[in-house]
Amino acid sequence: MVGTQSEREDRVSLELTEEILQSMEPGAVFRDYNCRISSIDFHKPSSYMVTASDDDSIRLYDVANATCLKTINSKKYGVDLVCFTSHPTTVIYSSRNGWDESLRLLSLHDNKYLRYFKGHHDRVVSLSLCSHGESFISGSLDRTVLLWDQRVEKCQGLLRVQGRPAAAYDDQGLVFAVAFGGYVRMFDARMYEKGPFETFSVGGDISDANVVKFSNDGRLILLTTMDGHVHVLDSFRGTLLSTYNVKPVSGESTLDATFSPEGMFVVSGSGDGSIHAWNVRSGKQVHTWSWMAHSSEPPVIKWAPGSPMFVTGSLELAFVIPDLSKLPAYAIRKQNLQ
């Protein structure tokens with residue numbers, strides 16, 4: 001499991017360092033998935049986490065106790081991407097059935113659809129909810145990015161793109177980024193119709209954008225691409241700070257990556273199923289995990305908010321936490337207490 005209460009308290013108080021990151025190993029592992037896990041999201045104020053998988057299921061977890069609370073099936077529509085709304089038991093998710101590309105607002109409490117959002121005509125490959133207010137954004141292989149209000153079924157804005165788009169809000173919800181074709185375009189969420197206020201190049205990498213994300217403090221942008229490149233940019237100046245390379249992914253897959261809570265580290269999947277971590281400041285690789293490298297699919301990766309833990313999903317779900325016994329300082333302290 002995830003460890004004793006005292007060990008959990010120790011981990012929460014840990015300041016994340018390279019040494020702690022190198023010690024991290026799977027704690028709780030869930031092997032009851034029959035198919036690939038396609039999406040993971042956390043509800044920040046609570047201890048809830050949600051996953052989507054290709055077996056058409058949405059699962060709700062209590063992270064604090066490493067337990068699955070509920071499984072909801074979406075056999076008719078399938079499920080691909082899933083995100084929490086501000087409410088801990090309400091999610092928005094995209095379909096995976098190939099004939100209905102609507103997004104759905106679902107109550108996990110009573111398994112009821114609250115709203116349908118119709119507008120895309122091909123698979124939705126990017127979904128991001130604004131942490132302030134009711135807005136969310138979606139990008140599709142139909143080469144559109146749509147802006148939505150959770151309270152209204154019709155989209156509130158449309159941006160046309162030339163390629164597969166990746167889109168994300170910053171943590172304040174004031175800015176969103178749309179990446180495609182080797183560039184990241186920055187939009188003011190209140191005046192998006194005026195076009196991007198900044199356009200940043202990502203060093204000539206024109207392969208399909210996979211995911212774009214902001215660091216929690218909004219200072220950094222992370223972009224992954226199909227060719228196996230993980231780019232980190234300064235979100236204010238647009239400077240390309242570093243590029244990390246992993247195995248490329250297939251056209252149907254998504255190369256996922258995540259910032260640690262304070263933005264010091266990037267953890268990324270790879271086309272061979274392995275997981276890699278880098279120090280953002282130095283640019284050097286800190287660690288590689290290969291326990292999931294038997295999979296040819298890149299894992300989904302999400303860092304738990306404010307916690308020294310990230311979660312990975314491929315054919316199984318793993319809570320990756322520090323192994324305190326590997327840390328000399330902790331081992332000495334524990335010895336002195338005995």
Side-chain angles (χ1 to χ4, degrees), residues 80-81 94 120-128 137-147 157-171 174-189 191-215 218-259 263 265-272 276 278 280-281 283 285 297-298 300-301:
D80 194 7
L81 303 177
S94 65
H120 283 302
H121 303 289
D122 205 339
R123 179 184 163 212
V124 174
V125 292
S126 188
L127 182 62
S128 177
I137 188 169
S138 58
S140 167
L141 295 180
D142 65 13
R143 296 194 168 196
T144 65
V145 172
L146 300 183
L147 289 87
L158 181 151
L159 302 172
R160 298 195 182 277
V161 299
Q162 283 76 49
R164 170 179 169 146
Y169 279 100
D170 75 336
D171 195 56
L174 301 176
V175 171
F176 64 84
V178 177
F180 63 91
Y183 294 89
V184 179
R185 293 159 175 83
M186 307 289 286
F187 293 82
D188 184 325
M191 298 182 292
Y192 61 85
E193 65 276 1
K194 293 185 176 181
F197 63 84
E198 291 280 9
T199 300
F200 303 144
S201 171
V202 289
D205 179 8
I206 58 172
S207 62
D208 279 344
N210 274 193
V211 300
V212 65
K213 296 178 182 179
F214 287 87
S215 59
R219 295 179 180 274
L220 301 173
I221 297 174
L222 176 67
L223 171 67
T224 70
T225 66
M226 183 178 167
D227 278 358
H229 302 307
V230 182
H231 304 289
V232 178
L233 298 89
D234 181 301
S235 65
F236 295 103
R237 295 188 291 271
T239 311
L240 183 60
L241 302 177
S242 52
T243 295
Y244 318 120
N245 300 306
V246 297
K247 295 288 185 183
V249 299
S250 69
E252 292 297 311
S253 301
T254 298
L255 179 62
D256 202 6
T258 183
F259 281 113
F265 300 101
V266 167
V267 180
S268 168
S270 174
D272 63 4
H276 306 265
W278 298 270
V280 171
R281 290 175 186 168
Q285 185 161 325
E297 288 282 341
V300 183
I301 300 176

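Index from 1, following the sequence. No hydrogens, no waters, no symmetry mates; every other heavy atom, side chains included, goes into these values.
Smallest separation of non-hydrogen atoms from Asp80 and Val124: OD2-O, 4.0 Å. Counting all heavy atoms, side chain and backbone alike, Ile206 lies closest to Gly181 at CG2-O, 4.0 Å. The minimum heavy-atom distance linking Leu223 with Ala209 is given by the pair CD1-CB, 4.0 Å. When every heavy atom of Val125 is checked against every heavy atom of Pro165, the shortest pair comes out as CG2-O, 3.6 Å. Between Gly204 and Ser201, the shortest heavy-atom distance links the atoms N-OG, 4.2 Å. Shown here for Leu255 and Gly228, the closest heavy-atom pair between the two residues is CD2-CA, 3.8 Å.
In Leu174, the CG atom is crowded: over 12 heavy atoms of neighbouring residues, nucleotides or ligands sit closer than 6.0 Å.
Side-chain contact check for Val175 versus Met186: some heavy-atom pair is nearer than 4.5 Å. Within the 4.5 Å cutoff, the side chain of Ser253 has heavy atoms near those of the Pro298 side chain. Side-chain atoms of Tyr183 and Pro196, non-hydrogen and from C-beta on, never get closer than 4.5 Å to each other.
Interatomic distance, Phe214 CZ to Tyr169 OH, rounded to the nearest 0.5 Å: 11.0 Å. Note that the CG atom of Asn210 and the OG atom of Ser126 stand 10.0 Å from one another [nearest 0.5 Å]. Note that the CG atom of Leu147 and the CG atom of Leu158 stand 8.5 Å from one another [nearest 0.5 Å]. Here the straight-line distance linking atom CZ of Phe265 with atom CZ of Arg281 works out to 8.5 Å at 0.5 Å rounding. Separating the OG atom in Ser235 from the CD atom in Glu198 is a distance of 10.5 Å, to the nearest 0.5 Å.
Residues passing the side-chain hydrogen bond (donor to acceptor under 3.5 Å, both in side chains) test with Asp256 are Lys213, sequence neighbours excluded. Applying the ring pair (Phe, Tyr, Trp, His ring centres under 6.0 Å) test to Tyr192 and every residue at least two apart in sequence or in another chain returns nothing. Leu241 is linked by a side chain to side chain contact (heavy atoms under 4.5 Å, CB included) to Leu220, Val232, Asp234, Thr239, counting only residues two or more places apart in sequence or in another chain. A search for side-chain hydrogen bond (donor to acceptor under 3.5 Å, both in side chains) contacts involving Thr199 returns nothing, not counting sequence neighbours. In this structure Thr243 satisfies the side chain to side chain contact (heavy atoms under 4.5 Å, CB included) test together with His229, His231, Leu240, Asn245, sequence neighbours excluded. For the ring pair (Phe, Tyr, Trp, His ring centres under 6.0 Å) test, residues two or more places apart in sequence or in another chain that qualify with Phe187 are Phe176. Residues passing the side-chain hydrogen bond (donor to acceptor under 3.5 Å, both in side chains) test with Ser242 are Tyr244, sequence neighbours excluded. When the side-chain hydrogen bond (donor to acceptor under 3.5 Å, both in side chains) test is applied to Asp170, no partner is found at least two apart in sequence or on another chain. Taking Asp142 as the reference, His120, His121, Asp122, Ser140, Thr144 meet the side chain to side chain contact (heavy atoms under 4.5 Å, CB included) condition, with sequence neighbours excluded. Listed by chain and residue number, Val161, Gln162, Val178, Arg185 satisfy the side chain to side chain contact (heavy atoms under 4.5 Å, CB included) test with Phe180 (two or more places apart in sequence, or in another chain).
Side chain of Ser128 to backbone of Ile137: no donor-acceptor contact under 3.5 angstrom is found. A side-chain donor-acceptor contact under 3.5 Å links Ser94 to the backbone of Leu81. Remark: the backbone N or O of Val211 is paired with a side-chain donor or acceptor of Thr224 at under 3.5 angstrom.
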key: Verdict with supporting geometry, Glu252 and Glu297, side chain to side chain contact (heavy atoms under 4.5 Å, CB included)   = CA-CA 10 Å; Glu252 292 297 311; Glu297 288 282 341; over 6 Å; no
task = Take Arg143 and Leu159 through the test side chain to side chain contact (heavy atoms under 4.5 Å, CB included) and record every step on the way to the result.
result = CA-CA 9 Å; Arg143 296 194 168 196; Leu159 302 172; over 6 Å; no
message = Assess the residue pair Leu222 and Val266 against the criterion (side chain to side chain contact (heavy atoms under 4.5 Å, CB included)); give the C-alpha distance rounded to whole Å, side-chain angles, the decisive distance to 0.1 Å, and a yes or no.
response = CA-CA 8 Å; Leu222 176 67; Val266 167; 3.9 Å; yes
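Remark: the Arg164 side chain and the Thr225 side chain contain no N/O donor-acceptor pair separated by less than 3.5 Å.
The list of salt bridge (charged side-chain N to carboxylate O under 4.0 Å, His left out) pairs with a residue in residues 220-233, not counting sequence neighbours, is empty.
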